[in-house]
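Down below is the structure, laid out as structure tokens.
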Amino acid sequence: MQFARGLLPPHVKRVHHLPYLGPLLDAGMATILAFEIKEGIRSVVDPEFYYPHEDPDTDAGKIWLGPADDTILRKRGVEFVDGSAPGFAAIVGACPDPETAKMIVEDYQLKNLYIFCASGHNGTSVIEQLIEAGVQVGWNTRIVPFGPYISSAVFALGFANRAAMAFGGVQAGDYKKILVYNKNRIFAFVNAFGEVGTQWGAAAAGCVNWGFPTLADTDIPEILPTGICTYEHVVANVPHEEICQKSVEVRGLKVSVTEIDIPLSFGPAFEGERVRGKDLYVQCGGGKSQATELCKMAEMGDIDDGKVEVVGPDIADFEERSAFPLGVYVQIAGREFQEDFEPILERQIHHLVNYIQGIMHIGQRDIAWFRISKAAVEKGFTLKDIGVVLHAKFHQDFTKIVDKVQVTLYTKQEDVDKLTKRAKGEYKVRDERVETMTDEEEEIYYSCTLCQSFAPSHVCTVSPERTGLCGAYNWMDCKASFEINPTGPNQPIEKGECLDPLLGQWKGINDFLQGASRGAHTHYNFYSMVHDPMTTCGCCEAIAALLPTCNGVMTVNREYSGETPCGMKFTTLAGVMGGGASSPGFVGHSKFNITQRKFISGDGGLLRLVWMPKILKEEIKERLEKRGEELGVPDLYDKIADETVGTTEEEVLEFLQKVGHPALEMDPIIG
Ligand code: SF4
Ligand code: ZN
């Protein structure tokens, strides 16, 4: 008691406000010590008071179990170590009615938490309310009735201490390590239901010493800034419907989704599987309809974790062999989530959907393509399953940054169009984030090997002026991806000695490439499609091809299904080049890359471009005109031929001569 008294700080004046957590924590600790002593005395003077069993004997009125003995601690404590119980909710007081108590406690049970109860309010307690509502309480249902007093709440902290000592190797008395262990390993927090008097308030302050925050349903002084606890320390006025979600959020407890509840097998084994014509049931995108993917950050309170909604008809409503539009809209909220992470999660949709047996996914952004097999539909696949997969995997793979995931799947044309329009705006903003950066000024480039499951020797290297060929990853995105996942597919590469400034080749990149392609490639050039170009995989937004007669190049985008002057359609080109090879005369690239300053600069740059499909030309018109001006050819846009001019080299050449295309004046492209 003397020691506890010694911890008490001098009384604070009313005007004294809170950044000084230290004295408050000491006062809280003094309270906890006093509670411990009080309960110790109780067990001596009234040894029958608690009923030290796993479950109470409600018929005999023996509902309070008191502190956990060593047997219970060993049996239950281990669950806190192996993760089957992430932590506990310590509840003090009573809810307005038994139904509310039941709702809250069951919510915690669903999250696998233990519920440690103490004290009461207005002549009742959460435990008594639960018994009244027919809920089974006891260690076996993880609802533990510790005691009727606020001092019996100390048993929850005692449990935390002993778990740290028994399983974390922490020595008794090492309060700093106890804090660190509990803060990092035991996801516990306090819910205070009812009037928070002096003793409750002091207990709440005490719990901060373990890293356990308090959330109350009443108006008590809040302690919001982060210091000891992961986030806020004391949060007031939380409505009962929200207290579970809010507690989990404030404590930083991560939802673990272990089951992916879909009627099909799921996993990397199915990633490379194709859905061929004869197996196809329905499809979205791929030139047959519009398919768009967008991932956006949301406010915590604005989305419901795990909510998956299909707006419009689902698979069963479409005729076999038809194509329907699809918009996949993923909203993510997280304490640590940033807008910069959106493209990274969005890009995961590709391989995650491919992980579903019988479903094939190609492309990204607004040129995605979903192919759904008959076998999958027979097994009961619906669009909702896409959302279920994304929700589960985003939680599993991005635990650190993801707290909530909500997925909406649109299948009505007007909704998909609306989403696509919005998505295009978002893509533009993302693309332009690297606009002012140059390759020269950056020593670190990033690798991307996300596509190796389809194209094993393919290695993208992303520099500020050469975004990934899928268009979904630029230098910034790769950097953010590396931050989230330091051992993931995006590794920083020190570019090292420059071996060829014109074609864009560096020693550091070559060394990395050799390892990452497992010896398949020894080197490649960033800025050339003629000489040892970068490798190409099937995701590319566009493919450039040499047109020797025109002394220039053409490019064709995925959405354009017609003939091209190089004699191959996009699909043929992608089929030939898309396996991870470096094919001189051809290179896959993103649409945005066309107007980046380094686009095939080793071959003469943008002024070499003599033909591209009209839709692509129009899509990038504004930027194309700007680049033309920068290059001293303000009417470049009009000088580039498209399919309305012709789809043979001869027709294109005739046009180029007529308009005086700059490529005709340049050095021979193959020298
Ligand atoms: Fe990464 Fe390249 Fe695949 Fe895009 S195309 S995901 S940048 S490997
Ligand atoms: Zn790819």
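As a basis for the values below, the full set of heavy atoms in this structure was taken, side chains included, without hydrogen atoms, waters or symmetry mates. Index from 1, following the sequence. Just so you know, ligand 1 is whichever comes first in the structure, and atom 1 is the first atom listed for that ligand.
- The contact set between ligand 1 and Cys448, taken as ligand atoms under 4.0 Å from a residue heavy atom, comprises 1 (Fe), 6 (S), 7 (S), 8 (S).
- The single protein non-hydrogen atom nearest to atom 6 (S) of ligand 1 is Arg347 NE, 3.2 Å, given as residue, atom name and distance.
- Exactly one of Phe526, Trp475, Phe512 qualifies for a ring pair (Phe, Tyr, Trp, His ring centres under 6.0 Å) with Tyr445. That residue is Phe526.
- The Zn ion (ligand 2) lies at the vertex of an angle of 120° between the SG atom of Cys451 and the SG atom of Cys537 (rounded to 10°).
- Using modelled atom types and a 3.5 Å distance limit, the side chains of Tyr446 and Ser481 yield no donor-acceptor pair.
- Taking 2.8 Å as the threshold, Cys460 does not count as a candidate ligand of atom 4 (Fe) of ligand 1, since none of its N, O or S atoms lies below it.
- Contact analysis leaves Ala472 out of contact with ligand 1, as no non-hydrogen atom separation drops below 4.0 angstrom.
- For the residue pair Asp417/Gln290, the side-chain donor-acceptor check at 3.5 Å is not satisfied.
- When each atom of ligand 1 is checked for a heavy atom of Gly468 under 4.0 Å away, the hits are 7 (S).
- Closest to atom 3 (Fe) of ligand 1 among all protein heavy atoms lies Cys451 SG, 2.3 Å.
- Below 4.0 Å from some heavy atom of Leu469 lie the following atoms of ligand 1, by number and element: 5 (S).
- Residues His589 and Thr555 bring a donor and an acceptor atom of their side chains to less than 3.5 Å of each other.
- Below 4.0 Å from some heavy atom of Cys537 lie the following atoms of ligand 1, by number and element: 5 (S).
- Once rounded to the nearest 0.5 Å, the distance linking CG of Leu450 with SG of Cys478 reads 9.5 Å.
- For ligand 1, the atoms lying closer than 4.0 Å to a non-hydrogen atom of His458 are 2 (Fe), 8 (S).
- Figure legend: cation-pi geometry between Lys617 and Tyr637, with NZ or CZ positioned under 6.0 Å from the six-membered ring centre and within 45° of its axis.
- Counted by atom type alone, His395 and Asp305 present one or more donor-acceptor pairs between their side chains at under 3.5 Å.
- Within 6.0 Å of atom NZ in Lys374, more than 12 heavy atoms from other residues, nucleotides or ligands are found, so the atom counts as buried in its surroundings.
- For the Zn ion (ligand 2), the N/O/S atoms of Cys540 include none lying under 2.8 Å.
- Among protein heavy atoms, the minimum distance from atom 4 (Fe) of ligand 1 is reached at Cys470 SG, 2.2 Å.
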